[in-house]
Amino acid sequence: MKTLLSILGLMVLTISCKHDTVAPGNACTATDPLTVPWVKNLTASMDESLCITSLYQATYNGQTVYYTAITDISCEYIPGETLLGCEGETVKRYNSSQQQAFAAEVSVVKTLYVSKR
């Protein structure tokens, strides 16, 4: 079980770390955000995950943001979201002890993508 948690933790960190290198494109102004290069890279990495992962569009402090979360009931999820801005830049990171703040500050607008498994 500890091995599974370690693997899942690394997967979450891997997905989060890939956001630091931003590919050009503005997901907020695109007709289809899934066609923006940084979003395409993100969804491709999500498809490599062993767990089903969802990409959400949300609002935070009045601005559009994006984040991923493991939504697979067969995987143990360790909370900790990274909010991404329109161009893929990190806006804010929440750790597992900040889930109440996340719930209060972030409003999901819609699910943009669910990974393939």
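Counting from 1, the numbers follow the sequence of the chain as shown.
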**Q** About how many Å separate CG of Leu83 and CD of Gln63, when rounded to the nearest 0.5 Å?
**A** 8.5 Å
**Q** To the nearest 0.5 angstrom, please state how far the NZ atom of Lys40 sits from the OG1 atom of Thr35.
**A** 7.0 Å
**Q** Indicate every side-chain donor-acceptor pair of residues 96-110 with a distance under 3.5 Å to a residue at least two apart or in another chain.
**A**
unit_1 : atom_1 : unit_2 : atom_2 : d
Ser97  : OG     : Asn95  : OD1    : 2.7
Gln98  : OE1    : Asn95  : N      : 2.8
Gln99  : NE2    : Glu81  : OE1    : 3.3
Gln99  : NE2    : Asn95  : O      : 3.3
Glu105 : OE1    : Lys92  : NZ     : 3.3
Glu105 : OE1    : Tyr94  : OH     : 2.4

**Q** Using the rule that two of Ile, Leu, Val, Met, Phe, Trp, Tyr join whenever any of their side-chain heavy atoms come within less than 4.5 Å, decide whether Val65 and Tyr113 are in one cluster.
**A**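 Result: no, two separate clusters.
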**Q** With a 4.5 Å cut-off on side-chain heavy-atom distances among I, L, V, M, F, W and Y, is there a chain of contacts connecting Leu84 to Leu55?
**A**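 Yes, Leu84 and Leu55 fall within the same hydrophobic cluster.
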**Q** Should Val91 and Tyr67 be counted in the same cluster of Ile, Leu, Val, Met, Phe, Trp and Tyr side chains packed under 4.5 Å apart?
**A**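 Yes, Val91 connects to Tyr67 through the hydrophobic network.
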**Q** Could you list the residues that satisfy side-chain contact (heavy atoms from CB on, under 4.5 Å) with Asn61, not counting sequence neighbours?
**A** none
**Q** Looking at every heavy atom in both Ala27 and Trp38, which two are closest together, and how far apart are they?
**A** CB-CZ2, 3.8 Å
**Q** State which residues pass side-chain contact (heavy atoms from CB on, under 4.5 Å) with Thr71; sequence neighbours excluded, sorted by chain then number.
**A** Ile52, Ser54, Tyr56
**Q** Restricting to side-chain hydrogen bond (donor to acceptor under 3.5 Å, both in side chains), what partner residues turn up for Thr43, sequence neighbours left out?
**A** none
**Q** Hey, could you give me the CD/SG distance between Gln57 and Cys28, rounded to the nearest 0.5 Å?
**A** 7.0 Å
**Q** With a 4.5 Å heavy-atom cut-off, do Asp72 and Thr53 have their side chains touching?
**A** no
**Q** What are the two closest non-hydrogen atoms of Asn26 and Cys86, and how far apart are they?
**A** OD1-CB, 3.2 Å
**Q** With sequence neighbours left out, what residues match Thr59 under side-chain hydrogen bond (donor to acceptor under 3.5 Å, both in side chains)?
**A**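 Here no residue qualifies.
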**Q** Where do Glu87 and Glu89 come nearest, in terms of heavy atoms and distance?
**A** N-OE1, 3.1 Å
**Q** What closest approach, in Å, do Cys51 and Ser115 show between heavy atoms, and which atom pair accounts for it?
**A** O-OG, 3.8 Å
